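Before any comments, here is the structure.
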2 protein chains.
Amino acid sequence: MEKDFLKKYGEAAHCPVRNVIDRIGDKWSVLVLMVLEEGNVLRFNEIWGSIQTISQKMLAVTLKTLEADGLVKRTVYPQIPPKVEYQLTERGKSLLPHLHGLVGWANENMGEIKESRELFGNISRN
Amino acid sequence: MEKDFLKKYGEAAHCPVRNVIDRIGDKWSVLVLMVLEEGNVLRFNEIWGSIQTISQKMLAVTLKTLEADGLVKRTVYPQIPPKVEYQLTERGKSLLPHLHGLVGWANENMGEIKESRELFGNISRN
DNA sequence: CAGTATCCAGAATGATACTG
DNA sequence: CAGTATCATTCTGGATACTG
């Protein structure tokens, strides 16, 4: 029996799933978005202090990507020393409920998932 | 003004955000989950045919990870040639609404996001 | 303070060939 | 059919040093 009703996925540019995962699947974007949600308006070093293990480079790269996507707004105050503030845009805010859905799911299921993984035996992805 | 009310994120093992992103942030997991949702019960090659650009190796690895996490159930029929069927578990099904939330958001916003990115100028993440 | 520039290690993914 | 094994490549992120 053929299953021709299945959609074809994976063609990169036009794949809606790829679009999402490419955007939030990196190591830090979701974390930065949630920190900004909590802090409202934050300076570079405030975000850096809140995400303990991120490197300065990756914070800069992540913020720039989020800004380019219009999820975060960057405001520069021309002073010395410089002051730069970051905050979510409306578009960025509209994404957050979905992220909370995911994190909520993770919190509810991580315990059992870890047990499953133990039973299955640790596997490598290579 | 200090912002000590900010939570501290990023400590890997105990970070709920890391837990989610590590699980669905890879290149293929979400795609495979959605194909299985649509197809209900599918054989290895049916999934492979539905995700055009995935390699055989990565499909095998992805399915094994999802199985280890208890999101997908694998059933082997001891025949020659072999027949193996994959389907979502209840846990796997419980994740999907959240993924649909994200994909829906992406579909609604991708147009504007692409425009933003053009205006901003293409940036590299390195 | 808020970044950049460089360089590098390791992880993730892909290509290809082979097998029970 | 449903994988595994191996090798090659690409991509990501971290360390460190430097700057307007």
Side-chain angles (χ1 to χ4, degrees), chain A residues 1-3 10-12 18 21-32 36 41-68 72-87 121-126, chain B residues 1-3 10-12 15 18 21-32 36 41-68 72-87 121 123-126:
Chain A
M1 169 187 167
E2 298 275 334
K3 311 229 177 177
E11 314 84 9
R18 280 263 67 78
I21 300 303
D22 288 349
R23 204 147 312 274
I24 68 161
D26 68 298
K27 196 167 178 181
W28 300 111
S29 291
V30 174
L31 231 26
V32 169
L36 283 173
V41 180
L42 294 175
R43 300 180 63 168
F44 187 91
N45 275 346
E46 290 178 323
I47 303 173
W48 199 10
S50 189
I51 306 178
Q52 316 217 325
T53 50
I54 196 173
S55 65
Q56 192 177 24
K57 170 189 166 184
M58 286 317 297
L59 179 55
V61 170
T62 301
L63 283 169
K64 203 176 285 186
T65 305
L66 293 173
E67 188 194 358
V72 163
K73 180 183 165 205
R74 177 174 182 268
T75 311
V76 183
Y77 297 87
Q79 326 169 143
I80 294 190
K83 173 178 173 178
V84 181
E85 288 182 341
Y86 293 92
Q87 58 194 302
N122 279 343
I123 63 179
S124 88
R125 289 185 66 87
N126 235 356
Chain B
M1 170 187 167
E2 297 273 335
K3 311 228 178 179
E11 315 84 8
C15 177
R18 280 264 68 77
I21 300 303
D22 288 349
R23 203 145 313 274
I24 68 162
D26 68 299
K27 197 167 177 181
W28 302 110
S29 290
V30 174
L31 230 28
V32 169
L36 283 173
V41 181
L42 294 174
R43 301 180 62 168
F44 187 91
N45 276 345
E46 290 178 323
I47 303 174
W48 199 11
S50 190
I51 305 178
Q52 316 217 325
T53 50
I54 197 173
S55 66
Q56 193 176 22
K57 171 187 165 183
M58 286 316 297
L59 179 55
V61 169
T62 301
L63 283 169
K64 203 177 284 185
T65 305
L66 294 173
E67 189 195 355
V72 164
K73 180 183 164 207
R74 178 174 180 266
T75 310
V76 183
Y77 297 87
Q79 331 171 137
I80 294 188
K83 173 178 172 179
V84 180
E85 288 184 340
Y86 293 92
Q87 58 194 301
I123 61 179
S124 86
R125 289 184 67 86
N126 235 352

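Owing to the predicted nature of the structure, the values given are computational and were not obtained by experimental measurement. In what follows, chains carry the letters A, B, and so on, assigned in the order in which the sequence lines appear, proteins first and then strands, with residues in each chain numbered from 1.
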Spacing of [X] atom [atom1] relative to [N] atom [atom2], expressed in whole Å:
| X | N | atom1 | atom2 | answer |
| --- | --- | --- | --- | --- |
| A:Asp26 | C:dA11 | CG | C1' | 15 Å |
| A:Leu63 | C:dA2 | CG | P | 11 Å |
| A:Ile21 | C:dT13 | CD1 | C1' | 16 Å |
| B:Ile47 | D:dA2 | CD1 | P | 9 Å |
| A:Ile54 | D:dG13 | CD1 | P | 9 Å |
| B:Glu85 | D:dC1 | CD | P | 14 Å |
| A:Ile80 | C:dA2 | CD1 | C1' | 12 Å |
| B:Tyr77 | C:dG20 | OH | P | 25 Å |

- Quick one: on DNA chain D, does A:Gln56 or B:Phe44 contact a more 5' nucleotide (nearest heavy atom)?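 Final value for this comparison: B:Phe44.
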- Sidechain-backbone polar pair: A:Ser50 side chain, A:Glu46 backbone, donor-acceptor under 3.5 Å: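 No.
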- Message: Given 3.5 Å as the limit, does a donor-acceptor pair link the side chain of A:Asn45 with the main chain of A:Trp48, or not?
- Response: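 Judged by distance alone, no pair lies under 3.5 Å.
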Can you figure out which of [options] approaches the side chain of [X] most closely?
| X | options | result |
| --- | --- | --- |
| A:Pro82 | D:dT4, C:dT13, D:dG20 | D:dG20 |
| A:Val84 | D:dT4, C:dG3, D:dG13 | C:dG3 |
| A:Pro81 | C:dA2, D:dG14, C:dC1 | C:dC1 |
| B:Ala60 | C:dC1, D:dG3, C:dG14 | D:dG3 |

- Item | Partner set under side-chain contact (heavy atoms from CB on, under 4.5 Å) for A:Arg23, not counting sequence neighbours |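 Per chain and number, A:Arg23 pairs via side-chain contact (heavy atoms from CB on, under 4.5 Å) with A:Asp69, B:Met110, B:Ile113, B:Arg117.
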- Message: Counting only Watson-Crick pairs (N1-N3 plus N6-O4 or O6-N4) and G-U wobbles (N1-O2, O6-N3), all under 3.5 Å, who is the partner of C:dG20?
- Response: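 Its partner is D:dC1 (Watson-Crick or G-U wobble, both distances under 3.5 Å).
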- Item | Test side-chain contact (heavy atoms from CB on, under 4.5 Å) applied to B:Ile54 and B:Ile47, B:Leu59, B:Leu31, the passing residue |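 Per the side-chain contact (heavy atoms from CB on, under 4.5 Å) rule, the option paired with B:Ile54 is B:Leu59, out of B:Ile47, B:Leu59, B:Leu31.
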- Query: Donor-acceptor pair under 3.5 Å: do we get one between A:Lys27's side chain and the base of D:dG13?
  - Reply: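 There is none.
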Give a yes/no on whether any side-chain N or O of [X] is located under 4.0 angstrom from OP1 or OP2 of [N].
| X | N | result |
| --- | --- | --- |
| B:Arg74 | D:dG3 | yes |
| B:Arg43 | D:dC1 | no |
| A:Lys57 | D:dT12 | no |
| A:Tyr86 | C:dC1 | no |

- Report the C-alpha distance between B:Leu63 and B:Phe44 in whole Å, list the side-chain angles of each, state the deciding distance to 0.1 Å, and finish with yes or no for side chain to side chain contact (heavy atoms under 4.5 Å, CB included). CA-CA 9 Å; B:Leu63 283 169; B:Phe44 187 91; 3.8 Å; yes
